[in-house]
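In what follows, every heavy atom counts, from backbone to side chain, and hydrogens, waters and symmetry copies are set aside. Just so it is clear: chains get the letters A, B, ... in the order the sequence lines come, proteins before strands, and each one is counted from 1.
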Amino acid sequence: MIPLDQVLLVALLHLLVGGAGMLMRRPALDVLICGVVGAAGALLVFAAGAGQPGAAGQVEGLVLMAVLVSVAAVGGAVIFCFHRFRRTVVLDEQNRLRE
Amino acid sequence: MRLILFWIFAVPALLAALLAAGHKRPVTGLKALMVMLFLDALELFVLGAPLLGLELMVVSLAGAAAVWGGVARRRLESLGAPGRPRYTLARLAGLLLVILLFHRLTAMIPGQLQETLLGGSGGRAVLGGIAAGMLLGSCAILMVVAFRYRAGEEGTAEK
């Protein structure tokens, strides 16, 4: 049996890396990648809680992962469509959306 | 033993996460992200959640195929690199290893599924599977539609 605190530590490190990347990186694709890194930590927490009594199980984790993949796919498609007409999408230039 | 195995997968996953978040080239970041998701899937297997692990493994392999097909292969084509496929022994060995790993991991699924269905959460499991299938199917259609067209000139997309 793996101690829960060690799984939570790994999940927290995932979240920290993803959060720091989201705050420091400016290209939109990098921010999306960092968001997926952070959200992968939540999956670890779900998996750690799957065996615990009263915790959310694998079914909830399946739905969460499907939502995560869908959000990442939609975000990637939007960034790709922007990138097709303009060059790399940078979040500091978000006022382009008003044009 | 499981704890050692967990950290064997966790440390490279964290390094891959750092690489994905910090590398300046987005393609390298995407590749590192796929590696991280694959290692996380192995961690989920070690944690005793094979359903989640298998789904994440499928997602990471699909992502790797999309990155290869959509980015790397197109770049090689644009560079005019020779495209003759070479089926080397290493590739065949790698394919065999992936098949063996997939077979070994999916062998854990029926017992887990039976436990979930007989454990009183059968309805939730079916509903969760349907919801996950609908979401993944709809985003697969979205990806096909978004990446099918090539960029035209002056903002017009063409086939």
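With a threshold of 4.5 angstrom between heavy atoms, B/Glu55 approaches chain A through its backbone and through its side chain. For a residue to count as touching a neighbouring chain, one of its non-hydrogen atoms must lie under 4.5 Å from one of that chain's; by this rule A/Leu16 does not touch chain B. For a residue to count as touching a neighbouring chain, one of its non-hydrogen atoms must lie under 4.5 Å from one of that chain's; by this rule A/Val71 does not touch chain B. Looking at B/Leu33, the atoms closer than 4.5 Å to chain A (heavy atoms on both sides) all sit in the side chain, from C-beta outward. Interface remark: B/Val46 contributes backbone and side-chain atoms alike to the contact with chain A (heavy atom separation under 4.5 Å).
Interface summary for chain A: among B/Val11, B/Leu30, B/Leu37, the most heavy-atom pairs under 4.5 angstrom belong to B/Leu30. Your options are B/Val59, B/Leu14, B/Leu18, and the one with the most heavy-atom pairs under 4.5 Å with chain A is B/Leu14. Contact count against chain B (heavy-atom pairs under 4.5 Å) is highest for A/Leu44 among A/Leu44, A/Val67, A/Leu32.
Between B/Leu56 and the options A/Leu43, A/Val69, A/Leu68, a side chain to side chain contact (heavy atoms under 4.5 Å, CB included) holds for only A/Leu43.
Contact annotation: the side chain of A/Asp30 never approaches that of B/Lys24 to less than 4.5 Å [non-hydrogen atoms, C-beta and beyond]. Within the 4.5 Å cutoff, side-chain heavy atoms of A/His14 are placed close to those of B/Asp40.
Smallest separation of non-hydrogen atoms from A/Ala48 and B/Leu47: N-CD1, 4.4 Å. Among all heavy-atom pairs drawn from A/Ala40 and B/Met36, the shortest one is CB-CE, 3.7 Å. The shortest heavy-atom contact between A/Gln6 and B/Phe6 is O-CE2, 4.3 Å. Considering all non-hydrogen atoms of both residues, A/Val17 and B/Ala17 come closest at CG1-O, 3.6 Å. When all heavy atoms are compared, the tightest approach of A/Ile33 to B/Pro26 is CD1-O, 4.1 Å.
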Derivation of the side chain to side chain contact (heavy atoms under 4.5 Å, CB included) call for A/Val10 and B/Glu43: CA-CA 10 Å; A/Val10 175; B/Glu43 281 179 51; 4.0 Å; yes

